[in-house]
**Student:** 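Quick one: this structure, given as structure tokens, is what I'll be asking you about.
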Amino acid sequence: MVDSRLPSASMLVALHDIAPQTWEDYRPFVETVDRLSVNVPMSWLVVPQFHHGRSTFDDPAFLKLLESRLTRGDELILHGFYHCDDGPRPRTPHEYFMRRIYTYEGEFYGLPAPDARARLEEGIALFERQGWPLKGFVAPAWLMSDGTRHALAQSSLEYTTDPKHIYSLPTFEAHDAPTLVWSARSAWRRKMSYVVNEVAKRRHQQADVLRLGLHPVDMRHKVAFDYWLSAIEQMMDEGRAPLTKHQWLCTTSTQRRSA
């Protein structure tokens with residue numbers, strides 16, 4: 001039964017760090033979601049060359065998989081290029097914290113505009129070569145330099161995100177879109193993530209949209225795997241419509257124009 005408190009609320013399921021190297025982690029979860037009674041469109045955040053390993057776009061079997069997801073109604077999004085921070089060493093304590101303690105994967109955190117533009121254009125060209133629609137870009141760890149923001153504003157892309165917002169490009173108009181996300185790399189982080197996400201679900205119960213940010217490491221731990229599956233089912237029971245990010249952005253834009 002649809003919850004009348006959420007007449008037009010949405011849920012966005014995003015699979016981060018998509019590459020041939022991470023697919024075996026994701027496969028059981030995706031296959032489980034595909035068996036649900038309701039189709040759940042998902043947003044696949046594709047990394048062109050994960051950690052400088054083999055190219056996603058040189059793997060015919062994986063490209064065929066991604067093609068099948070597009071046919072199913074999913075969305076493919078550009079997610080960095082290498083998904084690792086290969087820039088110059090941090091120069092300040094703040095930089096050190098963000099790039100070595102908070103994450104090692106903030107690829108676009110320190111890039112000047114020309115370097116960010118070059119990586120964006122190379123990623124966009126790979127999507128174009130496959131004939132894939134590309135509307136969005138998500139920086140690894142959601143970390144973007146001013147140069148990256150400048151490059152995005154000049155690109156053909158329509159949106160980007162951080163943990164709390166989806167931004168329409170080129171103006172960076174902010175749309176509130178809170179995200180649930182796990183830190184699953186250690187037992188204490190998994191326990192804390194459960195509590196933090198349960199609190200966040202209650203806090204954002206009336207939000208127009210709620211994003212679920214999944215990562216490959218989540219899938220290696222039953223507690224996280226089960227949590228995400230339960231969250232999807234619970235939110236649909238509460239009346240949240242599952243959409244891709246671009247579907248939601250289009251719906252939101254239409255509603256604003258007609259208001």
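In this chain, residues are counted from 1 in sequence order.
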**Student:** So for atom CZ, which belongs to R220, do other residues, nucleotides or ligands contribute more than 12 heavy atoms lying within a distance under 6.0 Å?
**Tutor:**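 Yes.
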
**Student:** Are there over 12 heavy-atom neighbours, none belonging to D59, within less than 6.0 Å of that residue's CG?
**Tutor:**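 Yes, CG of D59 has more than 12 neighbouring heavy atoms, counting only those of other groups under 6.0 Å.
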
**Student:** Walk me through it: do R72 and N39 pass the test side chain to side chain contact (heavy atoms under 4.5 Å, CB included)?
**Tutor:** CA-CA 9 Å; R72 190 181 177 90; N39 181 49; 3.5 Å; yes

**Student:** Considering only heavy atoms from C-beta outward, does the side chain of V181 approach that of D218 to under 4.5 Å?
**Tutor:** no

**Student:** One pair to check against side chain to side chain contact (heavy atoms under 4.5 Å, CB included): I18 and H79. What are the steps and the verdict?
**Tutor:** CA-CA 8 Å; I18 293 294; H79 188 37; over 6 Å; no

**Student:** With hydrophobic residues grouped by side-chain heavy-atom distances under 4.5 Å, do F137 and L76 end up in a single group?
**Tutor:**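 They do share one cluster, since a chain of ILVMFWY contacts under 4.5 Å joins F137 to L76.
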
**Student:** Is a side-chain donor or acceptor of T56 paired with a backbone partner of V47 at a separation under 3.5 angstrom?
**Tutor:**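 Flag set: sc T56 to bb V47 pair under 3.5 Å.
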
**Student:** Please determine whether residues L111 and L157 belong to a single hydrophobic cluster, defined as Ile, Leu, Val, Met, Phe, Trp and Tyr linked transitively by side-chain heavy-atom distances below 4.5 Å.
**Tutor:** yes

**Student:** Suppose we call two aromatic rings close when their centres sit under 6.0 Å apart. Are H16 and W142 close by that rule?
**Tutor:** yes

**Student:** Is there a donor-acceptor contact under 3.5 Å from the side chain of R189 to the main chain of A184?
**Tutor:** no

**Student:** Rounded to the nearest 0.5 Å, how far apart are NZ of K135 and NE2 of H246?
**Tutor:**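 Here the interatomic distance stands at 5.0 Å.
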
**Student:** Under 4.5 Å between side-chain heavy atoms, hopping through other hydrophobics if needed: is there a path connecting V38 to W228?
**Tutor:**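 Yes, one cluster joins them.
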
**Student:** Pair T71, S68 - check side chain to side chain donor-acceptor pair (under 3.5 Å), show working.
**Tutor:** CA-CA 5 Å; T71 301; S68 73; over 6 Å; no

**Student:** Where do P60 and D58 come nearest, in terms of heavy atoms and distance?
**Tutor:**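 Shortest heavy-atom contact: CD-O, 3.4 Å.
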
**Student:** Do you know which two heavy atoms are closest between A151 and A113, and how far apart they sit?
**Tutor:**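 It is CB-O, 4.1 Å.
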
**Student:** When you check the gap from the basic side-chain N to the acidic O, do R119 and E122 get nearer than 4.0 Å?
**Tutor:**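 Not counted as a salt bridge, because no side-chain N and carboxylate O are separated by less than 4.0 Å.
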
**Student:** Please check if the side chain of E75 supplies one atom and the backbone of K245 the other of a donor-acceptor pair under 3.5 Å.
**Tutor:** yes

**Student:** Within 45° of the axis and under 6.0 Å from the centre of the six-membered ring of F57, does NZ or CZ of R129 qualify?
**Tutor:** no

**Student:** Working to the nearest 0.5 angstrom, can you tell me the gap between L120 CG and Q154 CD?
**Tutor:** 11.0 Å

**Student:** Can you check whether Y109 reaches T148 side chain to side chain, under 4.5 Å on heavy atoms?
**Tutor:** no

**Student:** Between the side chains of D176 and K164, is the shortest nitrogen-to-carboxylate-oxygen separation below 4.0 Å, so that they form an ion pair?
**Tutor:**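 Looking at D176 together with K164, the answer is no, because their closest N to O distance does not fall below 4.0 Å.
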
**Student:** Would you compute the distance between atom CG of L45 and atom NE2 of H83 and round it to the nearest 0.5 angstrom?
**Tutor:**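 The CG atom of L45 sits 8.0 Å away from the NE2 atom of H83.
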
**Student:** For a 4.5 angstrom cut-off between non-hydrogen side-chain atoms, does H52 reach C84?
**Tutor:** yes

**Student:** Kindly give the heavy-atom pair with the smallest separation between P242 and P41, and that separation in Å.
**Tutor:** O-CG, 3.3 Å

**Student:** Do the side chain of D25 and the main chain of V217 share a donor and acceptor less than 3.5 angstrom apart?
**Tutor:** no

**Student:** Measuring from atom CG of D86 to atom NE2 of H51, what distance do you get when rounded to the nearest 0.5 angstrom?
**Tutor:** 10.5 Å

**Student:** I'd like to know whether I232 forms a side chain to side chain contact (heavy atoms under 4.5 Å, CB included) with L36, so could you lay out the CA-CA distance, the side-chain angles of the two residues, the decisive distance to 0.1 Å, and finally the verdict.
**Tutor:** CA-CA 10 Å; I232 290 171; L36 295 177; 4.2 Å; yes

**Student:** Could you tell me which non-hydrogen atom of E107 sits nearest to which non-hydrogen atom of P140, and how far apart they are?
**Tutor:**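 Where E107 meets P140 most closely, the heavy atoms are OE1-CG, 3.8 Å.
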
**Student:** Would you indicate whether the side-chain heavy atoms of L212 and L12 approach each other to under 4.5 Å?
**Tutor:**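 Result no, sub-4.5 Å side-chain heavy-atom pair not found.
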
**Student:** Do L169 and T160 have side chains that approach each other closer than 4.5 Å (heavy atoms only, starting at C-beta)?
**Tutor:**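 Yes, side chains in contact.
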
**Student:** Looking only at heavy atoms, which two atoms of I166 and L249 are closest? And how far apart?
**Tutor:**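 Smallest interatomic distance, heavy atoms only, reads CG2-CD1, 4.1 Å.
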
**Student:** Pick from L66, T244, I77: which one makes a side chain to side chain contact (heavy atoms under 4.5 Å, CB included) with W44?
**Tutor:**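 Of the listed residues L66, T244, I77, the side chain to side chain contact (heavy atoms under 4.5 Å, CB included) partner of W44 is L66.
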
**Student:** Taking R240 for the side chain and S10 for the main chain, is one N or O donor matched with an acceptor at less than 3.5 Å?
**Tutor:**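 At least one qualifying donor-acceptor pair exists.
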
**Student:** Do the non-hydrogen side-chain atoms of L210 and M235 ever get within less than 4.5 Å of each other?
**Tutor:**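 L210 reaches M235 side chain to side chain.
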
**Student:** Can K201 and E198 be counted as an ion pair, charged N to O under 4.0 angstrom?
**Tutor:** yes

**Student:** Salt bridge between R69 and D34, side-chain N to carboxylate O under 4.0 Å?
**Tutor:**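 A salt bridge links R69 with D34.
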
**Student:** Do H215 and D17 come within less than 4.5 Å of each other through their side chains, counting heavy atoms only?
**Tutor:**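 When only atoms from C-beta onward are counted, D17 and H215 do touch, with a gap below 4.5 Å.
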
**Student:** Taking the ring centre of each residue, are F225 and F29 less than 6.0 Å apart?
**Tutor:**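 Centroid distance F225-F29: below 6.0 Å, so yes.
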
**Student:** For this output row, return yes or no: ring centroids of Y227 and Y194 closer than 6.0 angstrom.
**Tutor:** yes

**Student:** Are W182 and V13 connected in the hydrophobic side-chain network, where two residues link if heavy atoms are under 4.5 Å apart?
**Tutor:**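 Yes, W182 and V13 fall within the same hydrophobic cluster.
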
**Student:** Rounded to the nearest 0.5 Å, what's the gap from CG on N197 to CE on M192? Could you check?
**Tutor:**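 Reported to 0.5 Å precision, the distance equals 11.5 Å.
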
**Student:** Tell me whether the rings of H165 and Y167 are parallel (<30°), tilted (30 to 60°) or perpendicular (>60°).
**Tutor:**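 H165 vs Y167 ring planes: tilted.
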
**Student:** Decide whether F50 and F62 are clustered together by the hydrophobic rule: side chain heavy atoms of Ile, Leu, Val, Met, Phe, Trp, Tyr closer than 4.5 Å, transitively.
**Tutor:** no

**Student:** Which distance, rounded to the nearest 0.5 Å, do you find between the CH2 of W188 and the OG of S193?
**Tutor:**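 Those atoms lie 8.5 Å apart.
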
**Student:** With a 4.5 Å heavy-atom cut-off, do L15 and M219 have their side chains touching?
**Tutor:**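 Result no, sub-4.5 Å side-chain heavy-atom pair not found.
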
**Student:** Show your working on side chain to side chain donor-acceptor pair (under 3.5 Å) between H175 and S168 and close with a plain yes or no.
**Tutor:** CA-CA 8 Å; H175 311 279; S168 296; 2.7 Å; yes

**Student:** Side chain to side chain contact (heavy atoms under 4.5 Å, CB included), that's the test. Do R117 and H150 meet it? Break it down for me.
**Tutor:** CA-CA 9 Å; R117 183 178 302 109; H150 182 74; 3.7 Å; yes

**Student:** Do the side chain of T179 and the main chain of P163 share a donor and acceptor less than 3.5 angstrom apart?
**Tutor:** yes

**Student:** Please tell me whether Y82 and F108 form a close aromatic pair, meaning their ring centres lie under 6.0 Å apart.
**Tutor:**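 Judged by ring-centre distance (under 6.0 Å), Y82 and F108 do not meet the cut-off.
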
**Student:** I need the minimum non-hydrogen distance between M11 and M236, along with the two atoms involved.
**Tutor:**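 Smallest interatomic distance, heavy atoms only, reads CE-CG, 3.7 Å.
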
